[in-house]
Amino acid sequence: MSRFPALVKLAAAAAIGATVAGGATALAGSDAVTAAHGREPANIGQVKNDVKAYYGDWLDASGKHHYSETSRFVTDTKRVVADAKRYLQQKLGKVKNPAIVLDVDDTSEITYGWEADNDFGFDPVKQQKAIDDGTFEANKPVLELAKWAADRGVRIYFLTGRNDKQGPQSLKNLANEGYPTPAGAYFKPKTTPPDYLPCGLTCNTVQYKSGTRAHIQSTGAHIVLNLGDQFSDLEGGYADRPVKLPNPMYYLP
């Protein structure tokens, strides 16, 4: 997954009625009236608070944000990954050279604390420092799935929108977090595109990721699961089952 220089989208909010209980008219300027007119989007400050609540946000002594292990985010992630694991288990012994493909940001690793510390904006310089410092932490259910799969002979591949200059440190961080040694790791090229991507350096996310998955399958691997937090991580085929992980922090086409 790659990120644009600005926050594209946090989350959608549900519309509410224009009147309060009992038929009384809502106050002018209230959230109810604003929603009823249907002209204004949800207040971004409230959306950010909703996202923090979803992650069970808490602050450490230094004022840094963290997600909670008891949050809805973790519950939802565990459910999605458990379903994917059951599907993979059913495929073992039925397909040759089974493989899973993992996105990195907010799939293999969780960036929530860093995102909240930066008010859900994006700064490529700060992102680079976070990668260099190993700031992001493993997404535990995904890590457990990767280890379980590797122990059963499933090939693990990383496929991310991070650029190829960020590859070595990213792989070092993933190894330090306990991820198995991958059969392959693919980072978006900055200067020299591979021959298997006809779109070259102009690939959008879907073209880059689906084209790379096609290349992986051309090597003999059978991609059973493709895990990502963005729909653009999953579109374009070349996997038996796409697995969408929760991420209300941003949207990438």
Side-chain angles (χ1 to χ4, degrees), residues 1 11 51-57 66-95 97-115 136-162 170-171 173-186 205 209-210 212-213 216-217 221-252:
M1 176 188 58
V51 171
K52 289 177 180 178
Y54 180 71
Y55 281 88
D57 183 86
H66 301 270
Y67 74 95
S68 171
E69 291 292 343
T70 60
S71 64
R72 284 178 52 210
F73 163 72
V74 170
T75 298
D76 289 348
T77 300
K78 286 181 176 179
R79 173 179 49 78
V80 171
V81 173
D83 287 345
K85 180 181 176 182
R86 281 192 290 271
Y87 182 82
L88 176 60
Q89 191 167 20
Q90 293 169 0
K91 288 286 189 174
L92 295 182
K94 298 179 181 178
V95 299
N97 300 326
I100 63 175
V101 171
L102 306 176
D103 174 48
V104 175
D105 291 306
D106 295 295
T107 297
S108 298
E109 295 183 325
I110 296 175
T111 71
Y112 172 75
W114 178 82
E115 296 278 357
F136 307 136
E137 56 187 291
N139 191 345
K140 293 177 184 176
V142 176
L143 171 61
E144 291 168 2
L145 172 65
K147 293 167 72 173
W148 180 90
D151 286 345
R152 287 156 179 79
V154 177
R155 300 178 186 181
I156 311 298
Y157 293 88
F158 293 114
L159 173 54
T160 173
R162 291 185 187 179
S170 296
L171 289 173
N173 293 341
L174 291 164
N176 288 342
E177 293 158 13
Y179 277 96
T181 301
Y186 298 87
T205 301
K209 292 207 166 186
S210 64
T212 303
R213 290 195 302 274
I216 291 171
Q217 294 212 144
H222 183 118
I223 300 174
V224 178
L225 300 176
N226 175 33
L227 281 71
D229 63 291
Q230 302 291 311
F231 289 109
S232 55
D233 295 330
L234 309 176
E235 294 171 355
Y238 300 103
D240 291 348
R241 173 165 289 191
V243 180
K244 173 66 170 66
L245 296 175
N247 177 9
M249 295 185 290
Y250 51 85
Y251 167 78
L252 299 175

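Every value quoted in this text rests on a predicted model; they were computed, and no experiment measured them.
Note that CG of D233 and NZ of K209 are 3.5 Å apart. Values are rounded to the nearest 0.5 Å. For the atom pair CG (D105) and CH2 (W114), the distance works out to 8.5 Å, reported to the nearest 0.5 Å. Atom-to-atom distance recorded for R213:CZ and Y186:OH is 12.5 Å, nearest 0.5 angstrom. Between I100 atom CD1 and L159 atom CG the span is 12.5 Å, to the nearest 0.5 Å. For the atom pair CG of L88 and CG of D83, the computed distance is 12.5 Å after rounding to the nearest 0.5 Å.
Distance alone, capped at 3.5 Å, is enough to place a donor-acceptor pair between the T107 side chain and the D229 backbone. Side-chain N or O atoms of Q230 include one that pairs as donor or acceptor with a backbone N or O of L252 at under 3.5 Å. Without hydrogens or angle criteria, D57 side chain to A53 main chain gives no donor-acceptor distance under 3.5 Å.
Among residues two or more places apart in sequence or in another chain, the salt bridge (Lys or Arg N to Asp or Glu O under 4.0 Å) test is passed with R79 by D76. By the side-chain contact (heavy atoms from CB on, under 4.5 Å) test, Y87 pairs with Q90, K91, V224, L225, D240, R241, sequence neighbours left out. Annotation: ring-ring contact (aromatic ring centres under 6.0 Å, His included) contacts of Y67 (sequence neighbours excluded): F73. Applying the side-chain contact (heavy atoms from CB on, under 4.5 Å) criterion to V80, with sequence neighbours excluded, gives V243, L245. In terms of the side-chain contact (heavy atoms from CB on, under 4.5 Å) criterion, residue partners of L234 (sequence neighbours excluded) are, by chain and number, N226, P242, K244. For T75, there are no side-chain hydrogen bond (donor to acceptor under 3.5 Å, both in side chains) partners, not counting sequence neighbours. Every residue two or more places apart in sequence or in another chain was checked for a side-chain hydrogen bond (donor to acceptor under 3.5 Å, both in side chains) with Y55, and none qualifies. Among residues two or more places apart in sequence or in another chain, the side-chain hydrogen bond (donor to acceptor under 3.5 Å, both in side chains) test is passed with T212 by none. With sequence neighbours excluded, the residues satisfying ring-ring contact (aromatic ring centres under 6.0 Å, His included) with H66 are W58. The side-chain hydrogen bond (donor to acceptor under 3.5 Å, both in side chains) search around N173 returns Q169, not counting sequence neighbours. Considering only residues two or more places apart in sequence or on other chains, Y179 meets the ring-ring contact (aromatic ring centres under 6.0 Å, His included) condition with F158.
Looking at P98 and H222, their side chains never come closer than 4.5 Å, going by heavy atoms from C-beta outward.
The minimum heavy-atom distance linking Q217 with I223 is given by the pair OE1-N, 3.0 Å. The two atoms that bring V74 and S68 nearest to each other are CG2-O, 3.4 Å, heavy atoms only. Counting all heavy atoms, side chain and backbone alike, E235 lies closest to S210 at O-CB, 3.8 Å. The heavy-atom pair separating S71 from G56 by the smallest distance is CB-N, 3.6 Å. The two atoms that bring P141 and T77 nearest to each other are CG-CG2, 3.9 Å, heavy atoms only. Closest non-hydrogen pair, S108 versus V142, comes out as CA-CG1, 4.2 Å.
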I would like to know whether D103 and L227 meet side chain to side chain contact (heavy atoms under 4.5 Å, CB included); could you show each step before the answer? CA-CA 6 Å; D103 174 48; L227 281 71; over 6 Å; no
Going through the distances and angles, do E109 and L174 end up as a side chain to side chain contact (heavy atoms under 4.5 Å, CB included)? CA-CA 8 Å; E109 295 183 325; L174 291 164; 3.9 Å; yes
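With 3.5 Å as the limit, one finds no donor-acceptor pair spanning the side chains of Y112 and D106.
Annotation: side-chain hydrogen bond (donor to acceptor under 3.5 Å, both in side chains) contacts involving residues 140-155, sequence neighbours excluded, comprise E69-K140, N97-R155.
No more than 12 heavy atoms of other residues, nucleotides or ligands lie within 6.0 Å of OH in Y238, so this atom counts as exposed by the packing criterion.
Under the 4.0 Å criterion applied to side-chain N and carboxylate O atoms, K52 and E115 are not assigned as salt-bridge partners.
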